Amino acid sequence: MFEGLRFRHWQTHCDDGGIVTLSLDRANSKVNAISRAVLEELEQILERLAIERPTGVIVHSAKASGFSVGADIKEFIGYAKRGAVLENIQYGQRVYERLARLPCPTVAAIHGVCMGGGAELVLACRQRIAVNGDKTKIALPEVLLGIHPGWGGTIRLPQLIGAPEALPIMLTGKSLTAVRALALGAVDRLATADELLSEARALLHRPAPRPFTRRFKVWASNTWIAKQILAPMVFKRTAAKVHKEHYPAPFAIIKVWRRSGHNTRHGLKVEALSLAKLAQTSTAKNLIRIFFLQERLKASGGHAQHGIKHVHVIGAGVMGGDIAAWIALKGFEVTLQDREAGPVQAALERASEFYQKKLKKPEKIDAARHRLHANVEASDVSGADLVIEAIYENAAAKEALYAGIEPQFQAEEILASNTSSIPLDELREKLGAPQRFLGLHFFNPVPNMPLVEVVRHDALDPMIEKRTLAFCRAIDKLPVAVKGTPGFLVNRILMPYLFEAMQLTSEGVPTPILDKAAKKFGMPIGPIELADTVGLDVCISVGKELAPFLGLTLPEGLEKQLENGKRGKKDGQGFYLWYDGKPKKPEVDPDYVPPADLQDRLILPMVNEAVACLADNVVNDAALLDAGVIFGTGFAPFRGGPIQYVRSEGADKLKARLDVLSKHYGERFQPKVGWDDPRLRQSDVELLR
């Protein structure tokens, strides 16, 4: 059937029964990212199939890693820079439409990840079968890049499973498990990995029935009247979660679905025009940049082997206990130590509750519990490959602890501190083997915050750093290597923001107004809610350590609030009262008018310190700085990070605004060294290399 044709990215096979199997196997790549070359070869194959008319066609992946990670994002950026996104999208649509219109049955056989353009490929097949198991993940995650599906996904998914189910999948970018996909009708059958292709052949001969009730619901949810009713409702719910001006893609998805009608070709035209428009927005450009930043952090440590099996955590407070629970969740043996049994037992109970919520299945819950052990007497220090100290922020106490730990080490053990602010040059002074000591700074809450700062000092062995970076990846965290100066990267940038927010409260600005202003800028939560979440005791401890270095003063009244037992969320009361983990914010006088410079007073201290960190080489480059601040604080992702924000707004313009603030409010707003750095005026094209 394919005599004379040779393909680099597709394997073709026709069996005796006339069934053609197309196996996607992108050349020179560990994963299947769908490029123009992949599409062009697929088009040639489909042209031949349309003529030859086989008994049936199976589309699957020859990669063990999964079906497809989606479209080639680097290629997409290239098209965007050349203004050729629309042509590329329309070409992909034509190829997928050829597949959808083949005059024979087609089945997609799915294993592993099936994302974006890969998911749209399987949607163009008549039926789908997937491997039953946790590794199968099907998603249309384009919204996370500030765009939406462009090769028919916004049209075909609602037509397959109905709009009420399809829209949330596209609006959130969340993946479907195999079982969930079957329940929704996104796949027609499940199979074991060994039987995937044989079951796919069976499905070609005996298509899975689609119940009339399901078909009717799908049809009804896509009628004109249904769209006029549902679209405004979904739009309103989406607007309650994100600002349209910050994240236009979810709203574009709703609009495309509403305008697509029942004619697939018309819908594809609407989809392509919408995506081409989104590709030119600053939000898409910044979110795609963040995607590459994330990939860069994932590659930290290179090919180093961490060699860690047993981790010993000292300090069973909220932070230490959560670190221990997370590491055990990820498959490591963990022992947890504190001065008394009470805190350790409380941490184990919290871990058990966490595992029940996270893992669901009893056998997985029990396995995680069995990997986490109490060790109050510290007898397991000598058997650990990594010891993480997570006690309170006091240099003398940490040094005394290290003096008792180090003599128990045998050879290549790593000692790490979870300190959030104390310079490592200070902590390493009395160590016998400072080359095997570093910082491993997690963020609260540990399960939700993806970043870990791997903190360097000038005596650190580079291989220890690489092993630790590899360990962070093994526990599914994003590591960024930072210089061991006070506050490192994230807290050094975050503290001026939190301090200024607390200063504004002392000036009478209502706390909900402050949080609202920060969220309007794009922060995920406001500074007051953040301070309560982190804990006012932690803010004070870190603040005292950093205030002299940053030229700041601890806000008035904060320590008194702490004396009254109002540490924030963990006590149920801080700046806000907390119920079931949520803050109850006071009502604000509707006639209250916030200060005109409120947003600048909150955000520019953070940006100012980011510029200083870049000048101080706290991280290797501007891209890593933005990554650390985004993944460590949630800094408005659509803005691309503080340095990218400076670039987009203009360094001279922001520096002038700081000058104005310093004249009104004092030296804390004085522009810091670094505003003349040429890196503030250039793009980081190295991300795409």
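The basis for the numbers below is simple: all heavy atoms, side chains too, and nothing from hydrogens, waters or symmetry mates. Just so it is clear, the structure is predicted and the values come from calculations on it, not from any experiment.
No side-chain donor-acceptor contact under 3.5 Å links Gln93 to the backbone of Trp151. Within the 3.5 Å criterion, the main-chain N or O of Phe442 finds no donor-acceptor partner in the side chain of Glu453. The backbone N or O of Val270 lies less than 3.5 Å from no partner atom in the side chain of Arg259, so there is not a single donor-acceptor pair. Distance alone, capped at 3.5 Å, places no donor-acceptor pair between the Thr264 side chain and the Ile155 backbone. Put simply, the side chain of Gln127 never gets that close to the backbone of Leu204: no donor and acceptor are under 3.5 Å apart. Using a distance-only test at 3.5 Å, with no hydrogens or angles considered, a donor-acceptor pair links the side chain of Thr55 to the main chain of Gly17. Between the side chain of Glu43 and the backbone N or O of Val95, no donor-acceptor pair lies under 3.5 Å. With hydrogens and angles disregarded, a donor-acceptor distance shorter than 3.5 Å links the side chain of Thr633 to the backbone of Val629. Side-chain atoms of His9 come within 3.5 Å of backbone N or O of Ala27 as a donor-acceptor pair. Ser221 contributes a side-chain N or O that, together with a main-chain N or O of Ala163, makes up a donor-acceptor pair within less than 3.5 Å.
Between Ile169 and Ile161, some side-chain heavy-atom pair lies under the 4.5 Å cut-off. Side-chain contact between Phe292 and Ile73 is present, with at least one heavy-atom pair separated by less than 4.5 Å. For the pair Cys613 and Ile493, the minimum side-chain heavy-atom distance is below 4.5 Å. Considering only heavy atoms from C-beta on, Ile254 comes within 4.5 Å of Thr238 through its side chain. Residues Phe76 and Ile288 meet the side-chain proximity criterion, which asks for heavy atoms closer than 4.5 Å. Residues Leu160 and Arg210 form a side-chain contact, since some pair of their non-hydrogen atoms from C-beta on lies under 4.5 Å apart. Inter-residue side-chain proximity for Ile129 and Val187 is flagged as unmet; no heavy-atom pair is nearer than 4.5 Å. Looking only at side-chain heavy atoms (C-beta outward), Thr12 and Ile45 come within less than 4.5 Å of each other.
Taking CG of Leu196 as the reference point, atom CZ of Arg201 lies at 9.5 Å (rounded to 0.5 Å). The CG atom of Leu22 sits 9.0 Å away from atom CZ of Phe7, with the distance rounded to the nearest 0.5 Å. Separating the CG atom in Leu39 from the CZ atom in Arg94 is a distance of 10.5 Å, to the nearest 0.5 Å. To the nearest 0.5 angstrom, Thr192 atom OG1 is 7.5 Å from Glu199 atom CD. Note that the CG atom of Leu121 and the CE atom of Met115 stand 14.5 Å from one another [nearest 0.5 Å]. The distance from atom CG of Leu24 to atom OG of Ser68, rounded to the nearest 0.5 Å, is 6.0 Å.
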Worked check of salt bridge (Lys or Arg N to Asp or Glu O under 4.0 Å) between Lys298 and Asp476: CA-CA 9 Å; Lys298 287 180 179 179; Asp476 202 24; over 6 Å; no
Go through Val59 and Val122 one step at a time and tell me if the side-chain contact (heavy atoms from CB on, under 4.5 Å) criterion holds. CA-CA 8 Å; Val59 181; Val122 306; over 6 Å; no
After noting the C-alpha distance and the side-chain angles of Leu440 and Val454, does the key distance pass the side-chain contact (heavy atoms from CB on, under 4.5 Å) rule? CA-CA 5 Å; Leu440 200 54; Val454 176; 4.1 Å; yes
Stepwise, does the side-chain contact (heavy atoms from CB on, under 4.5 Å) test hold for Leu182 with Val179? CA-CA 5 Å; Leu182 179 67; Val179 172; 5.8 Å; no
Applying side-chain contact (heavy atoms from CB on, under 4.5 Å) to Leu176 and Leu184, what does each step give before you reach the verdict? CA-CA 9 Å; Leu176 298 175; Leu184 291 176; 3.9 Å; yes
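Under 4.0 Å is where a charged nitrogen must lie from a carboxylate oxygen, and between Asp188 and Arg126 no such pair does. A salt bridge links Glu87 with Arg36: at least one charged nitrogen is closer than 4.0 Å to a carboxylate oxygen. Using a cutoff of 4.0 Å between basic side-chain nitrogens and carboxylate oxygens, Asp72 and Arg26 are scored as salt-bridged. Under a 4.0 Å N-O distance rule, the pair Arg156/Glu97 qualifies as a salt bridge. In summary, Glu47 and Arg98 engage in a salt bridge, as defined by a charged side-chain N under 4.0 Å from a carboxylate O. Here Asp621 pairs with Arg296 in a salt bridge; the nearest charged N to carboxylate O distance falls below 4.0 Å.
Taking the centre and axis of the six-membered ring of Trp326, the NZ or CZ atom of Lys477 falls inside the cone set by 45° and 6.0 Å. Stacking of Arg82 on the aromatic ring of Tyr79 is recorded, both the 6.0 Å distance cut-off and the 45° axial limit being met.
No more than 12 heavy atoms of other residues, nucleotides or ligands sit less than 6.0 Å from atom CZ of Arg265. Atom CG of Asn448 is surrounded by more than 12 heavy atoms from other residues, nucleotides or ligands within 6.0 Å. The 12-atom threshold is exceeded at NZ of Lys330, counting heavy atoms of other residues, nucleotides or ligands nearer than 6.0 Å. Taking a 6.0 Å sphere around CZ of Arg189, one finds it holds more than 12 heavy atoms contributed by other residues, nucleotides or ligands. For Gln305, the CD atom counts as loosely surrounded, since its 6.0 Å shell holds 12 or fewer non-hydrogen atoms of other residues, nucleotides or ligands.
Taking the six-membered ring where the residue is Trp, His60 and His111 present tilted rings, their angle falling between 30° and 60°. Note on ring orientation: taking the six-membered ring where Trp is involved, the planes of His243 and His246 are perpendicular (angle over 60°, cut-offs 30° and 60°).
A donor-acceptor pair shorter than 3.5 Å can be found between the side chains of Lys227 and Ser260. A donor-acceptor contact under 3.5 angstrom links the side chains of Asn222 and Trp257, judged on distance only. A donor atom on one side chain and an acceptor atom on the other are found under 3.5 Å apart for Gln11 and Asp25. Donor-acceptor pairing under 3.5 Å is recorded for the side chains of Arg647 and Gln644. No side-chain N or O of Tyr91 forms a donor-acceptor pair with one of Glu40 less than 3.5 Å apart. His148 and Thr154 share no donor-acceptor pair across their side chains, judged by distance under 3.5 Å alone.
Between Gly66 and Asn32, the closest heavy-atom pair is O-ND2, 4.0 Å. Closest approach of Cys104 to Pro54, counting heavy atoms only: CB-O, 3.4 Å. The minimum heavy-atom distance linking Val38 with Trp10 is given by the pair O-NE1, 3.1 Å. Scanning all heavy atoms of the two residues, the minimum distance from Glu165 to Pro168 falls at O-CD, 3.4 Å. For the pair Gly116 and Glu142, the tightest heavy-atom approach, listed with the atom from each and the gap, is CA-OE2, 3.1 Å. Across every non-hydrogen atom of Pro158 and Val218, the tightest pair is O-CG1, 3.7 Å.
Here Phe443 and His441 bring their ring centres to under 6.0 angstrom of each other. Aromatic ring centres of Phe521 and Phe635: separated by under 6.0 Å.
The side-chain contact (heavy atoms from CB on, under 4.5 Å) test with Leu614 singles out one residue from Leu625, Leu624, Val646, and that residue is Leu625.
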